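What follows is one structure encoded as structure tokens, with my remarks underneath.
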Amino acid sequence: MGIALSGLFNPVEINIESLSGRKIAIDGNNALYQFASTIRQYDGSFLMDSKGRVTSHLSGLFYRTMSLLKHGVKPCFVFDGKPPSFKNATIGERVNAREKAREEYKLALEEEDFERAKSKAQQSTRITPEMFDESRALLDYMGVPVINAPSEGEAQASHMCFKGDVFACVSQDYDSLLFNSPILIRNLNITGKRKLPQKNIYVNITPEKIVLQDELNRLGLFHDQLIMMGILVGTDFNPKGIFGIGPKKAYDLVKQYPNFDTLFNNVKWTFDISPKEIFDFFKNPPVTNDYNLHWKQPNPDKIFELLCDEHNFSKDRVENTLGKLSQLRKKEGQTGLDKFF
DNA sequence: GGCATAGTCTCCTA
DNA sequence: GAGACTATGCC
């Protein structure tokens with residue numbers, strides 16, 4: 001998933017408070033995948049309702065989104081539409097990798113190796129259409145805009161950020177920088193502490209911001225060269241990239257051959273799709289201007305219905321979370337400045 | 001005691 | 001992943 005350019009950028013640490021009042025576009029597929037793979041029990045099994053339906057993603061989505069709202073952040077969620085046909089190979093590979101992980105998960109469970117079981121279960125995570133639908137519904141009940149992208153969600157979010165309709169794109173992947181998003185925010189979590197697997201070490205994960213133009217200036221690159229680098233190291237459309245080329249070699253190559261044709265005449269291209277086709281997709285992906293960024297008050301009745309009645313969430317906990325937000329908004333309303341809406 | 005912070009447990013089922 | 005909860009340390 002995504003583009004292996006992690007070492008290339010110099011992220012700037014930020015805190016949630018600095019995002020207060022800002023509109024941000026969250027990569028919905030990325031967020032749901034994170035929640036569904038992370039929120040598990042000790043042996044790797046999901047949280048589930050009385051009918052055995054997965055609820056992990058709803059828990060993560062509800063509590064994090066509510067927390068963002070409490071911090072005055074205005075999130076919208078962008079979901080993937082129909083992937084381009086040339087992504088099929090990648091999608092097929094992912095299906096296979098998940099299947100393999102699922103078999104290894106079962107085996108680890110039989111051997112009662114719960115640590116391994118959990119890790120394999122997380123690798124086998126799949127988001128079903130029902131999980132997507134319920135997530136969209138929950139967001140709608142929370143008064144948060146949902147945007148369904150015509151194609152790649154990151155392309156749509158980047159388009160919205162480029163237009164200035166949102167302050168930043170939020171994702172763990174770097175794709176939006178190739179789609180020309182001016183700002184990418186990673187690690188947008190609320191609680192910082194994270195336990196490293198297998199070890200008794202806690203690390204502090206803080207949100208970070210990558211400003212595209214600052215990075216291009218620092219690296220002395222044009223945006224086209226960044227896309228070329230991405231294609232060299234591998235994108236969702238040519239997974240794993242060219243053998244033997246990582247970020248370092250890719251950087252040297254685009255510096256040596258800033259011209260697209262010259263560059264790709266000098267590397268060993270083994271994919272069915274041409275590099276130009278990938279390049280053109282990042283430059284000009286299908287996006288839409290048909291979206292509404294309008295935030296509403298949460299609808300507690302619908303939220304209780306979905307989370308508590310339908311999926312057995314604790315009513316006390318959900319009520320408490322909703323109550324804290326409405327108290328906060330009441331207080332802000334009393335100051336005479338209702339800046340949220 | 002009160003308060004803050006660090007680390008642990010639970011969330012989700014009949 | 002997030003919030004509730006418990007343990008610990010400091011005044």
Side-chain angles (χ1 to χ4, degrees), chain A residues 1 14-17 19 24 26-73 75 77 105 109 114-115 117-119 121-128 130-135 137-139 141-142 144 170-173 185-208 298 300 303-328:
Chain A
M1 189 81 167
I14 59 167
N15 53 30
I16 303 276
E17 285 70 29
L19 295 174
I24 55 173
I26 299 177
D27 180 349
N29 289 63
N30 189 267
L32 287 194
Y33 184 82
Q34 258 192 292
F35 293 140
S37 74
T38 312
I39 303 175
R40 303 282 186 130
Q41 300 185 76
Y42 71 101
D43 63 349
S45 55
F46 288 106
L47 305 188
M48 283 180 288
D49 66 15
S50 58
K51 291 180 179 163
R53 294 172 298 189
V54 177
T55 56
S56 296
H57 59 303
L58 296 176
S59 177
L61 192 61
F62 177 65
Y63 292 111
R64 178 185 288 180
T65 305
M66 288 302 290
S67 179
L68 289 173
L69 293 173
K70 272 183 256 178
H71 282 94
V73 183
F77 283 75
Y105 164 59
L109 267 189
F114 296 127
E115 195 130 19
K118 186 170 185 175
S119 151
Q122 291 177 320
Q123 289 170 29
S124 73
T125 302
R126 172 178 176 259
I127 314 286
T128 65
E130 292 74 24
M131 289 162 75
F132 276 115
D133 286 345
E134 284 191 322
S135 300
L138 177 61
L139 288 166
Y141 301 156
M142 284 191 280
V144 168
V170 176
S171 179
Q172 289 307 98
D173 294 337
I185 291 173
R186 301 182 69 249
N187 304 339
L188 184 70
N189 46 24
I190 312 297
T191 49
K193 281 266 187 305
R194 198 65 42 80
K195 193 177 188 214
L196 292 181
Q198 315 260 57
K199 293 173 196 154
N200 258 343
I201 300 172
Y202 284 81
V203 286
N204 214 13
I205 311 273
T206 49
E208 59 185 41
I303 292 172
F304 288 136
E305 197 181 303
L306 177 65
L307 293 183
C308 307
D309 300 346
E310 190 73 12
H311 291 300
N312 311 101
F313 276 54
S314 146
K315 187 152 186 180
D316 281 353
R317 248 186 108 168
V318 172
E319 206 158 32
N320 185 30
T321 304
L322 286 168
K324 277 184 185 156
L325 177 64
S326 75
Q327 260 176 20
L328 210 71

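Numbers restart at 1 for each chain; the letters A, B, ... are given by sequence-line order, proteins then strands. Heavy-atom basis, side chains included; hydrogens, waters and symmetry copies ignored. Remember, predicted model here, so these are calculated numbers, not experimental data.
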Does A:Leu19 form a side chain to side chain contact (heavy atoms under 4.5 Å, CB included) with A:His71? I'd like the steps, not just the answer. CA-CA 8 Å; A:Leu19 295 174; A:His71 282 94; over 6 Å; no
Quiz item: What do the steps show when you test A:Leu188 against A:Ile16 for side chain to side chain contact (heavy atoms under 4.5 Å, CB included), and what is the final call?
Solution: CA-CA 8 Å; A:Leu188 184 70; A:Ile16 303 276; 3.9 Å; yes
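Side chain of A:Ser59 to backbone of A:Ser56: no donor-acceptor contact under 3.5 angstrom is found.
Following rounding to the nearest Å, A:Phe313 (CZ) and C:dA2 (C1') show an atom-to-atom distance of 12 Å. In this structure, A:Ile205 places its CD1 atom 15 Å from C1' of C:dA2, rounding to the nearest Å. Per the geometry, CG belonging to A:Leu306 stands 13 Å off P belonging to B:dC12, to the nearest Å. Taking atom NZ of A:Lys315 as the reference point, atom P of C:dG3 lies 21 Å away to the nearest angstrom. Rounded to whole angstrom, the span from the CD atom of A:Glu134 across to the P atom of B:dC12 amounts to 15 Å. In this structure, A:His57 atom NE2 and C:dG1 atom P are separated by 17 Å, rounded to whole Å. As a whole-Å value, the separation of A:Lys324 NZ from C:dA2 P is 14 Å. Across the protein-nucleic acid pair, A:Leu68 atom CG and C:dG1 atom P stand 13 Å apart, rounded to whole Å.
Here B:dA14 is the nucleotide among B:dA14, C:dA2, B:dC12 with the atom lying nearest to any side-chain atom of A:Ser50. Each of C:dG3, B:dC12, B:dC11 was ranked by its minimum atom distance to the side chain of A:Thr55; first place goes to B:dC12. For A:Phe35, whose side chain is taken as the heavy atoms from C-beta onward, the closest listed nucleotide among C:dG1, B:dC11, C:dG3 is C:dG1.
In this model, the phosphate group of C:dA4 is approached by a side-chain N or O of A:Asn320 to a distance below 4.0 Å at OP1 or OP2. The phosphate of C:dA2 has neither OP1 nor OP2 within less than 4.0 Å of any side-chain N or O from A:Lys70. The phosphate of C:dG1 (OP1 or OP2) has a side-chain N or O of A:Gln34 nearer than 4.0 angstrom.
Within 4.0 Å of A:Ser56, counting heavy atoms only, lies no atom of the nucleic acid at all. Counting any heavy atom pair closer than 4.0 Å across all strands shown, A:Thr321 reaches no nucleic acid atom. In this structure, A:Ile39 reaches the bases: a heavy-atom distance under 4.0 Å links it to at least one base atom across the strands shown. A:Phe62 comes within contact range of no nucleotide atom at all, as no heavy-atom separation falls under 4.0 Å. Contact annotation for A:Arg40: base contact, defined as any heavy-atom pair under 4.0 Å involving a base atom.
Taking the six-membered ring for Trp and thresholds of 30 and 60 degrees, A:Tyr63 and A:Phe313 have nearly parallel ring planes, at less than 30 degrees apart.
Applying salt bridge (Lys or Arg N to Asp or Glu O under 4.0 Å) to A:Arg53 and the options A:Glu130, A:Glu310, A:Glu134 leaves one that passes, A:Glu310.
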